[in-house]
Structure formats: structure tokens, C-alpha cells
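See structure below.
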Amino acid sequence: IVFDDVAMDDPLYTSIKAVYEAGIMREYNNGSFYPALGVTRAEFADILYNITWLNGDNVSDAGSINPYTDISTDDWYYKAVVWSYNCGVLSGTSSSTFSPDGAITKEMAAVIIYRYLVYGLDIPDAEAPSAPFADSGSSWSESAVEYLRIKGFISGDSDNKFNYNSNVTRGFLAEVISRIMPYLTLKDAPSLPDQLTHTHDYSKLVSSVAATCTTTGNESYLCICGTVDVRNVAALGHDFAPEWTVDVEPTENTTGLKS
């Protein structure tokens, strides 16, 4: 598997390859994975939904109640969000809102993943592979973070910090999920549950190449569903000053120069 933005010697390559080949996380339609891109709440719900479906569980068993006013049946992530609510894995941001485009911090993700593991997987006991993290987060996330650390599903940075309030990236999530995958019994097929068609919302600029006077540039915009719209930016053209600048004054015997 080759991604445009993940080299084979990248520390995350093995994890990203594993979740991609399993059908848990998608690449984008331009051949990129965007490991540093933040994960939205809708994307997180979709990923957990995919794991459950690929693990052979009937995702429709959880229920179909939708308490949220900010998602509709036309949204591509609708089934995943409704599933996450009914099984208690991912709560809304209020009793009536889900905030699908909202970001997820690492401590939020730890709690969600912990709920998911308790909801559907039997994880054997394991000894802590490393010392407790050097930093701390909110009291409501402590038990979940500690559980995942002890099981070896999460680890700290070079300073043994978890960075609780940092936003979750696709690369981070791929690494965590790849560590959980040995406890899954995934279907041997990368096909995912049917997703609804929708109108793409290309509002997130993910990369750009600036245009110059003589060359075109481009801007890549990302929809939450994973498709990328690449738009060309026309060359700027030369913008000469409206007034001449005398570079060399003429003399009786020589010509001058102005630009």
C-alpha cells in the first residue's frame, strides 16, 4: 500500500496500512491519508461503526433513536452517529446536538475508546508497559486513560506525556486502533456499510500551492466524507507599476533606461 503522504519508513506506516487494509479507515480520493489531519466527531463515530460492522456485529441491534437536531438522514454519517448514541459509545455535546464537525481531544478519545472496548470486546489483563504519564488531564478521563495505557493501546511522547488536550489526528487514531485489532475478528473484506449520498461540503482547506506570475497554483479542499476537491488557481500575471522608473539617465551620447 502506497500513500502519497506516508512514506514506508514512517513510524506510523505499519499502523496506517493495517487499518486501511482492514477497511476501518479510508484514504482520501487523491491517494493521501493525511495522518496529521484532525478527526471530527462524525469521523470518529464512523470509524467505530466500521470496526463494529467489520467485526461481525449487527450494528442495527443498538437501536434507531436520534435525539440530535443537527444531523439528518441525508448526512453520510447519520447511521454511525445514531448507532453510537444508542449503544452509549459516543455522547452528544448536549441533549439535542451532536456537533458532527467538532474536534476530539485525546482525553475525549480515550474515554470513547474505553466505552467502546467495554461495550463490545473482551480484552485480557495486561501489565503496564510503561510508567504513568508525566502529565495529567481531567478527572473524568483518568480511569479511561490509565486503562488504555496499562493495556498498551496508548503511549506517551518522547517526554512520556499524553498531551490530553491535543486534538486527535488520523495518524494517532490509526496507531491506537492497530493495537486493538488483534482482539478483533474482522471480516476478510474491506467493503464498508453503505453510506448515504450527500452534497459535498468542501470548506476545509488542507493543502495549497501558491500561484506565481507565470505558473498556476492549486488548493485542495476536503469534505468530511473523505473526498478532495482540487481547484486550480490561475497564474497571477505580471503587475507592472503604472509609472516608469528611470534606472539610467540618458546623456548627450548614451541612451538611458527605464522600467
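Numbers here simply count residues along the sequence, with the first being 1. Just so you know, these numbers come straight off a predicted model, no measurement behind them.
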Looking at [X] and [Y], what are the two nearest heavy atoms and their distance?
X      : Y      : result
Leu173 : Ile47  : CD2-CD1, 3.5 Å
Val145 : Ala110 : CG2-CB, 3.7 Å
Ser178 : Ser15  : OG-OG, 3.0 Å
Arg41  : Ser99  : CD-O, 3.2 Å
Ser155 : Phe162 : O-CD1, 4.2 Å
Ala109 : Val168 : CB-CG2, 3.5 Å

Would you mind reporting whether Asp70 and Pro100 have side-chain heavy atoms less than 4.5 Å apart? yes

Do Asp5 and Pro35 have side-chain heavy atoms sitting under 4.5 Å apart?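 Yes. Closest side-chain heavy atoms under 4.5 Å.
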
Pair Tyr114-Ser143, side-chain donor/acceptor within less than 3.5 Å: no

Who are the side chain to side chain contact (heavy atoms under 4.5 Å, CB included) partners of [X], not counting sequence neighbours?
X      : answer
Ser138 : Glu107, Trp140, Ser141
Ser94  : Ser96, Thr97
Asp157 : Asp159, Lys161, Asn163
Thr215 : Thr212

Working for side-chain contact (heavy atoms from CB on, under 4.5 Å), residues Ile51 and Tyr116: CA-CA 10 Å; Ile51 294 174; Tyr116 180 80; 3.2 Å; yes

Main-chain N/O of [Y] paired with [X] side-chain donor or acceptor, under 3.5 Å:
X      : Y      : answer
Asp46  : Ala42  : no
Asp10  : Ala7   : no
Asn160 : Pro132 : yes

Distance in Å, [X] [atom1] paired with [Y] [atom2], rounded so as to fall on 0.5 Å steps:
X      : Y      : atom1 : atom2 : answer
Trp76  : Ile71  : CH2   : CD1   : 11.5 Å
Ile154 : Lys106 : CD1   : NZ    : 8.0 Å
Ile180 : Ile113 : CD1   : CD1   : 5.5 Å
Met8   : Phe3   : CE    : CZ    : 11.0 Å
Ile112 : Phe44  : CD1   : CZ    : 5.0 Å
Leu117 : Tyr183 : CG    : OH    : 10.0 Å

By salt bridge (charged side-chain N to carboxylate O under 4.0 Å, His left out), which residues pair with Arg170, not counting sequence neighbours?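 Scan of Arg170 (salt bridge (charged side-chain N to carboxylate O under 4.0 Å, His left out), adjacent residues dropped) gives none.
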
Could you tell me whether Lys79 sits above the aromatic face of Tyr49, with NZ or CZ closer than 6.0 angstrom to the six-membered ring centre and within 45 degrees of the axis? no

Tell me, with the steps shown, if Met181 and Ile24 meet side-chain contact (heavy atoms from CB on, under 4.5 Å). CA-CA 10 Å; Met181 283 177 60; Ile24 294 172; 4.2 Å; yes

Listed by chain and number, what are the ring-ring contact (aromatic ring centres under 6.0 Å, His included) partners of Tyr68, not counting sequence neighbours? Tyr85, Phe98

